[in-house]
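Let me begin by presenting the structure, written as structure tokens, before commenting on it.
Model, not experiment: these values are computed from the prediction. Note on naming: letters A, B, ... go to the chains in the order of the sequence lines (proteins, then strands), and numbering restarts at 1 for each one. Below, all heavy atoms of this structure are taken into account, side chains as well, without hydrogens, waters or symmetry copies.
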There are 2 protein chains.
Amino acid sequence: MVGQITETGDQPERPPSRRERARAATIEEIKQTAMGLMREQGTTDFRFSDIARLMGMTAPALYRYFADRDELLTALIVDAYDDLGQAVAEARDQVPVDDPGARFAAVAQSYRRWARDEPQRFALILGLPVPGYHAPEEGPTTEAARRAMAQLKALFYEAAQAGVLRRPMLPDDDGTVARLLAEHHEPKELPIDGPPVPPETFQAMLHCWASMHGFASLEAYGHLDWLPGELRDAVFESSIRLVAKVAGLPEPSSRPAG
Amino acid sequence: MVGQITETGDQPERPPSRRERARAATIEEIKQTAMGLMREQGTTDFRFSDIARLMGMTAPALYRYFADRDELLTALIVDAYDDLGQAVAEARDQVPVDDPGARFAAVAQSYRRWARDEPQRFALILGLPVPGYHAPEEGPTTEAARRAMAQLKALFYEAAQAGVLRRPMLPDDDGTVARLLAEHHEPKELPIDGPPVPPETFQAMLHCWASMHGFASLEAYGHLDWLPGELRDAVFESSIRLVAKVAGLPEPSSRPAG
DNA sequence: TTATGACCGTTACTAGTCATAACAAACACG
DNA sequence: CGTGTTTGTTATGACTAGTAACGGTCATAA
């Protein structure tokens, strides 16, 4: 009754039957309805009965598609990670590769926009776990998270490869981060996939992420509502350009679209 | 039945009677038990029945003290804001006034520590509203939030007053933030209480807040668990020193305790 | 000391939730 | 056409928030 959902079946390329297509469509509709409810109510919560009612069904029917609330939540979380990762990657790849400063600005803008447009899904993946939900250990959610975060790292790696990445600005008396990073890197403790970047760049990357995440989450959850919109925009863009500069990314050569 | 809770009574200084003390103690115990449950379960959720059971009572008894779940949540939110504000202020004031760089580092460290130690309460005040909760408009929560955030501003104001605040580093072609800030400041649109700071400093302050909040929330919600603890510490401290420097605060003259 | 009334806790109850069980209709396919 | 799977239904159980009505306790005043 549960295995039917995680059907990463081994059948190679059998065209989906009529029933399978209908089933997939229903699953999609359930997820969309759940997200609609979250948006409407402004929380990460939803009731099976509400989903069913909106879909013209009764609540128990949903259990044919998701074993329980957690399984639906897991699906929504994976989708959200993938969606955010895709949005970020698309924005990034609309800017020429040889302009990593502008590419980072695009990434930050899309990250922020996504958070602001979908605060509930943002909270779902990057906030506190929702009440009663227990993520499957080392399951699909963590993988999806890694995929999404790889987008940011790819940007820095490209820039480093292209040789346009200056040494990031660091507070004066440092070196401990580099040392610790080296220590922990050799036993392959860190689950950092892909090619390595210099330690200062790793640190700069985290700094960039934290900065844009901080602004994005504060804004998404309404804690910057007291700032007029255009002022928020200006402050965010300025902050982003600042962290990019400090991280050693070159000045963007073209103005980002928005 | 409800007015008895919001007893910001006008009676000046009447010593609390035995009953009033017992009532206050019970209210405190309810809040503590609720927080304990949140900590235990790792969410911002709790059940009245669980609170009552842990207190050796039945659930309906709790309604003598809080009209409903929202009212208890509101109390917890106000307490959390006050607690965070106090923690930050205390850490800040343990550092000499003439060392604003170190004062900021202390603020950031305590902000981070509080978030990490109490992720549920952190999410309660700075995350997405919990399911089903509707904050009273312009109520005590927003006031408590303003009080807490004033602590950070005070630090920058002191530094500006003392004349040790350099002009913050900004991305090159700016000025729009300053212009917009001026535009919106004259009609007193912005609810920024206290004395004004220069526009660049305002922006730098937001940048500092966003950066430390981003790191703190990512860490508090477990999204940096893949980083070894000491490396997290080092990265955070380095980032903080960096944003402080960029914000125009002088280098700290003394090493912060932790 | 006793009577009064506010306060605090109880049990009983309603309405709504997640989830399961048992059953009925629709569908795919031999 | 008959058979078994799939997908829906209704009925049910256990649990929660919150209300209502009742009883005990305590402080105060006669």
Side-chain angles (χ1 to χ4, degrees), chain A residues 1-7 9 11 14-30 33-34 37-38 41 43-76 130-134, chain B residues 1-7 9 11 14-30 33-34 37-38 41 43-76 130-134:
Chain A
M1 288 298 166
V2 178
Q4 58 186 345
I5 281 93
T6 51
E7 42 172 277
Q11 280 79 349
R14 189 165 44 82
S17 74
R18 173 173 182 77
R19 264 199 175 149
E20 284 167 333
R21 273 184 290 127
R23 182 177 182 82
T26 306
I27 287 179
E28 192 56 34
E29 188 183 350
I30 293 174
T33 310
L37 279 169
M38 295 189 340
Q41 304 171 188
T43 71
T44 54
D45 207 12
F46 50 79
R47 282 177 284 276
F48 267 40
S49 46
D50 287 346
I51 298 176
R53 183 176 41 75
L54 288 176
M55 290 179 64
M57 310 200 315
T58 56
L62 299 180
Y63 290 87
R64 297 285 177 196
Y65 300 91
F66 295 95
D68 53 11
R69 246 172 112 266
D70 273 20
E71 201 166 280
L72 175 50
L73 269 173
T74 300
L76 291 175
V130 329
Y133 174 71
H134 285 274
Chain B
M1 288 296 169
V2 179
Q4 58 186 344
I5 282 95
T6 51
E7 42 172 280
Q11 281 79 349
R14 189 164 44 81
S17 75
R18 175 173 181 77
R19 268 203 172 143
E20 283 168 332
R21 273 185 289 129
R23 181 177 182 82
T26 305
I27 287 179
E28 192 55 35
E29 189 183 350
I30 293 174
T33 310
L37 280 168
M38 295 190 338
Q41 304 170 190
T43 69
T44 54
D45 208 11
F46 50 79
R47 281 180 285 276
F48 266 40
S49 46
D50 287 345
I51 299 176
R53 183 177 40 76
L54 288 176
M55 291 179 63
M57 309 199 316
T58 55
L62 299 180
Y63 291 87
R64 298 282 176 199
Y65 301 90
F66 295 95
D68 53 12
R69 242 172 116 266
D70 275 19
E71 201 165 281
L72 174 51
L73 270 172
T74 300
L76 291 176
V130 329
Y133 175 71
H134 284 273

As a quick check of understanding, evaluate side-chain contact (heavy atoms from CB on, under 4.5 Å) for B:L76 and B:F46, giving each step before the final call.
CA-CA 12 Å; B:L76 291 176; B:F46 50 79; 3.9 Å; yes

What is the distance, rounded to the nearest whole Å, between atom CZ of A:R53 and atom C1' of C:dC18?
16 Å

Tell me whether the OP1 or OP2 atom of D:dC15 has a side-chain N or O from B:R47 closer than 4.0 Å.
no

Kindly write out the residues that satisfy salt bridge (Lys or Arg N to Asp or Glu O under 4.0 Å) with A:E28, not counting sequence neighbours, or none if the list is empty.
A:K31

B:R23 CZ to D:dC26 C1', straight-line distance once rounded to whole Å
15 Å

Nucleic acid footprint by protein, nucleotides 20-30 of chain C - heavy-atom cut-off 4.0 Å, B for base, S for sugar-phosphate alone:
B-BB---BS--

Using 0.5 Å steps for rounding, measure from the CE atom of B:M38 to the CG atom of B:D45.
9.5 Å

Rounded to whole Å, CG of B:D45 lies from P of C:dT17 at a distance of 16 Å

On the nucleotide C:dG9, are OP1 or OP2 found under 4.0 Å from the side-chain N or O atoms that B:T58 carries?
no

To the nearest Å, how far apart are A:I51 CD1 and C:dA19 C1'?
14 Å

Drop me the distance from A:M57's CE to A:E29's CD, to the nearest 0.5 angstrom.
7.5 Å

Taking it one step at a time, do B:F66 and B:F48 satisfy ring pair (Phe, Tyr, Trp, His ring centres under 6.0 Å)?
CA-CA 11 Å; B:F66 295 95; B:F48 266 40; 7.9 Å; no

Between CG of A:L72 and CG of A:L62, what distance do you get to the nearest 0.5 Å?
8.5 Å

Rounded to whole Å, CZ of A:F66 lies from P of D:dG8 at a distance of 13 Å

Atom CZ of B:R69 to atom P of D:dT16: distance rounded to whole Å?
12 Å

Is the phosphate of C:dG16 approached by A:S49 (side-chain N or O, under 4.0 Å from OP1 or OP2)?
no

For A:L62 and D:dT7, give me the distance from atom CG to atom P, rounded to whole Å.
13 Å

Identified pairing partner of C:dC13, criterion: Watson-Crick or G-U wobble below 3.5 Å
D:dG18

Whole angstroms only, please: what is the CZ-P distance between A:F46 and C:dT17?
14 Å

Once you round to the nearest 0.5 Å, how far does CG of A:L37 lie from CZ of A:R53?
7.5 Å

Is there a side-chain contact between B:Y65 and the phosphate of C:dG9, meaning an N or O under 4.0 Å from OP1 or OP2?
yes

